[in-house]
Each structure stands twice: as structure tokens, then as C-alpha cells.
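Every value quoted in this text rests on a predicted model; they were computed, and no experiment measured them.
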Amino acid sequence: MKRNTQIKLLVLLSVILSGFGCKTRKEAKPAVVPPVVKVTSNKSAVIAAINSSAFEFTTLSAKSKVGLMINTNSNDVSMNIRMQNKSIIWISVTAIAGIEVARVLITPDSIKVLNRIQSLYTAKPFSYIYQYANKQITFGTLQNLFLGNAIEGTVTESSIFSVHENQTQITSALSGMLYKLIMNANNKVVENTLQDPKGQRLIAKYADFQAVNGRKLPYSINLSSNATNRNIKIDLKYTSVSVNESLDFPFSVPKRFTVKD
């Protein structure tokens with residue numbers, strides 16, 4: 001893969017993880033299943049169970065392998081991810097031979113990217129992602145995407161609950177976005193669909209739940225999104241995760257780097 005193309009894909013990866021702004025392809029009609037049973041009497045209990053099973057942390061450090069496919073171009077990279085709850089997401093992306101090619105620092109206010117191959121530094125307000133995404137996407141949305149938690153405000157008494165076998169489906173609307181969550185028997189999100197008023201959609205699927213500090217965390221995250229001329233799939237697999245340890249978030253701009261607007 002050409003170097004400049006590689007960096008574009010890596011930067012796009014960070015945008016996609018926070019954006020959810022692409023139109024989906026038409027899906028095949030689902031198989032016929034028995035009618036669902038509406039939940040009307042115990043919403044409060046279900047909501048409380050979902051909230052209590054959410055993955056919580058003060059700091060998180062994870063190593064992961066990521067497969068990225070855009071149309072017919074596929075790339076494999078490694079990502080080191082560090083988070084401070086509700087305030088910082090730090091990502092280091094490495095390619096072949098463990099060489100760091102990009103570093104990303106995301107806060108509720110800004111997105112900063114170091115392109116080490118081209119020696120470029122980009123700093124944008126968080127609102128930069130709205131060029132690619134619905135304006136209702138927040139820092140918290142991005143953080144919960146990495147954790148497999150329900151997005152804040154999408155599971156409420158006004159949501160529509162239904163059950164089928166051992167799964168609960170929750171449908172809700174929040175600030176112009178439609179959300180459909182599928183929860184497993186342990187009240188963990190296994191699928192989360194986000195759709196904006198224009199029909200743009202992203203589907204996030206979660207699997208391989210493992211215990212971390214007494215809570216279940218999905219070690220496998222699959223994202224899929226399609227646009228008119230771009231099909232995107234991201235397959236992220238955590239290889240190790242630790243929480244509530246002292247972390248730093250190094251992000252210094254070398255003097256030789258060019259600032260890119």
C-alpha cells in the first residue's frame with residue numbers, strides 16, 4: 001500500500017470510529033421469526049439491569065489488532081488505545097514491523113492527529129467530524145463504541161422494548177437519531193444500529209465478552225457502513241485490556257512537522 005494512501009486510511013479510521021455517517025447498502029429480507037412479546041410492565045427493571053452491567057472504568061489501556069477494508073482495499077494494523085473516562089481517547093497506530101505511523105488524541109473539544117510518515121500535524125475542533133457524521137455524535141458516543149455500552153440516553157422509559165427468546169430489542173429516538181439495540185441475556189449490547197434522518201446508518205456488532213475487573217467487555221467489535229462510492233468494514237479485536245492503572249497520554253509535535261489546516 002502506498003504511504004499516502006495508508007495514512008489517509010488510518011485517519012479515516014479514527015473518523016469512522018467517531019462518525020457513523022455513511023449510507024448502508026440494502027439488506028436481504030430477514031427470515032421469518034415468531035412474533036416478539038412487548039415489554040410494558042418491567043421497563044424500569046430492564047433499564048436498571050442494563051445500566052448495572054455497563055462497563056465502567058477510570059482509565060483503560062488496550063492493545064488491539066484491526067482489519068480495515070475500504071471498497072476492495074484491505075489493511076491490517078495494530079492499535080494501542082488509552083482512555084481516561086469522559087475526557088481523553090489516545091490512539092497509537094502501528095503498521096508493519098511495529099513502526100508507528102499515526103497518533104491520535106481525542107477530547108470532548110478537539111481531535112489532534114500526528115501523521116508520522118508525512119511529518120504532518122493536524123488539530124481540529126471535535127466538530128470536525130461533522131463533515132462526515134451526524135451532529136448528534138459526541139465524545140461519549142465514541143467512548144461507548146469502544147466499550148460496547150449503550151449510548152447515553154438511548155435506553156429510557158420512552159424506548160420501545162421487545163423480547164425474542166433470550167434477547168431484548170430496544171428502539172429509541174434521540175435528537176434526530178434512531179437507535180436499535182439488541183441485548184443478550186446478560187444485558188450486554190451485541191448489536192447497535194444508528195441511523196440519522198437521511199437514512200445514513202452504521203451497524204456495530206459485539207462478541208467474545210470477557211471479564212475485566214469484574215465487568216464484561218467485548219473483545220471483538222465489528223463495524224460496517226456503506227456510502228455511495230465507499231464500503232467500509234472495521235474488525236477490531238482486543239488482545240489485552242487493563243483498567244484503573246496510572247496512564248499518560250504522550251502527544252508532542254516534533255519541530256520538523258508541518259502544521260496542516
Side-chain angles (χ1 to χ4, degrees), residues 17-57 60 85-86 133-226 234 236:
L17 288 175
S18 59
F20 319 155
C22 299
K23 294 182 179 179
T24 186
R25 67 176 62 154
K26 293 182 179 179
E27 298 179 356
K29 294 183 179 180
V32 176
V33 297
V36 297
V37 178
K38 298 294 182 181
V39 177
T40 57
S41 60
N42 63 342
K43 280 187 178 182
S44 297
V46 175
I47 293 171
I50 292 172
N51 290 338
S52 65
S53 66
F55 190 82
E56 296 180 346
F57 70 102
L60 179 145
N85 193 23
K86 299 181 180 180
N134 186 280
K135 291 184 178 181
Q136 302 307 323
I137 300 304
T138 67
F139 180 88
T141 304
L142 174 57
Q143 180 176 278
N144 283 321
L145 181 67
F146 279 107
L147 305 174
N149 287 340
I151 296 169
E152 186 176 358
T154 62
V155 182
T156 68
E157 292 283 349
S158 61
S159 302
I160 299 173
F161 290 69
S162 58
V163 294
H164 177 250
E165 296 180 348
N166 64 340
Q167 293 186 330
T168 300
Q169 179 176 297
I170 302 169
T171 305
S172 62
L174 178 65
S175 301
M177 295 281 285
L178 296 178
Y179 298 85
K180 184 178 75 173
L181 296 88
I182 299 177
M183 320 293 295
N184 65 15
N186 295 317
N187 298 303
K188 299 297 296 184
V189 178
V190 294
E191 185 171 316
N192 194 353
T193 301
L194 297 80
Q195 181 173 310
D196 72 8
K198 296 180 180 179
Q200 298 177 329
R201 184 186 302 176
L202 178 136
I203 300 174
K205 296 183 178 181
Y206 301 93
D208 189 19
F209 291 87
Q210 299 185 32
V212 179
N213 197 36
R215 297 291 181 103
K216 292 291 186 178
L217 180 73
Y219 268 53
S220 176
I221 302 173
N222 181 269
L223 308 177
S224 59
S225 180
N226 295 334
I234 298 173
L236 184 151

Using a 4.5 Å cut-off on heavy atoms from C-beta on, say whether the side chain of Asn192 contacts that of Asn144. no
Any pair with a residue in residues 211-223 that passes salt bridge (charged side-chain N to carboxylate O under 4.0 Å, His left out), sequence neighbours left out, goes on the list, sorted by first then second residue, please. Glu56-Arg215
Residues at least two apart in sequence or cross-chain that pass side chain to side chain donor-acceptor pair (under 3.5 Å) with Ser52, listed by chain then number, are none
Could you measure the distance from the NZ atom of Lys188 to the OH atom of Tyr206? Nearest 0.5 Å is fine. 10.0 Å
Which atom pair, heavy atoms only, marks the closest approach of Thr156 to Phe161? O-CE1, 3.4 Å
Does Asn187 have any side chain to side chain contact (heavy atoms under 4.5 Å, CB included) partners at least two apart in sequence or in another chain, and if so, which? Ala49, Ile50, Ser53
Partners of Asn213 by side chain to side chain contact (heavy atoms under 4.5 Å, CB included), sequence neighbours excluded? Val243, Asn244
Measure the shortest side-chain to side-chain distance between Met183 and Val189 over non-hydrogen atoms and say whether it is less than 4.5 angstrom. yes
Please report the shortest heavy-atom distance between Ile47 and Glu157, naming the atom on each side. CD1-N, 3.7 Å
My understanding is that only residues two or more places apart in sequence, or in another chain, count here; which of them pass side chain to side chain donor-acceptor pair (under 3.5 Å) with Ser220? Lys237
So how far is it from Asn184 CG to Phe209 CZ, rounded to the nearest 0.5 Å? 5.5 Å
Run the side chain to side chain contact (heavy atoms under 4.5 Å, CB included) test against Ser172 and tell me which residues pass, sequence neighbours left out. Thr154, Ser159, Tyr179
Residues which pass side chain to side chain contact (heavy atoms under 4.5 Å, CB included) with Gln210, listed by chain and number, not counting sequence neighbours: Asp208, Tyr219
State which residues pass salt bridge (Lys or Arg N to Asp or Glu O under 4.0 Å) with Glu152; sequence neighbours excluded, sorted by chain then number. none
With sequence neighbours left out, the residues meeting side chain to side chain donor-acceptor pair (under 3.5 Å) with Asn85 are Gln143
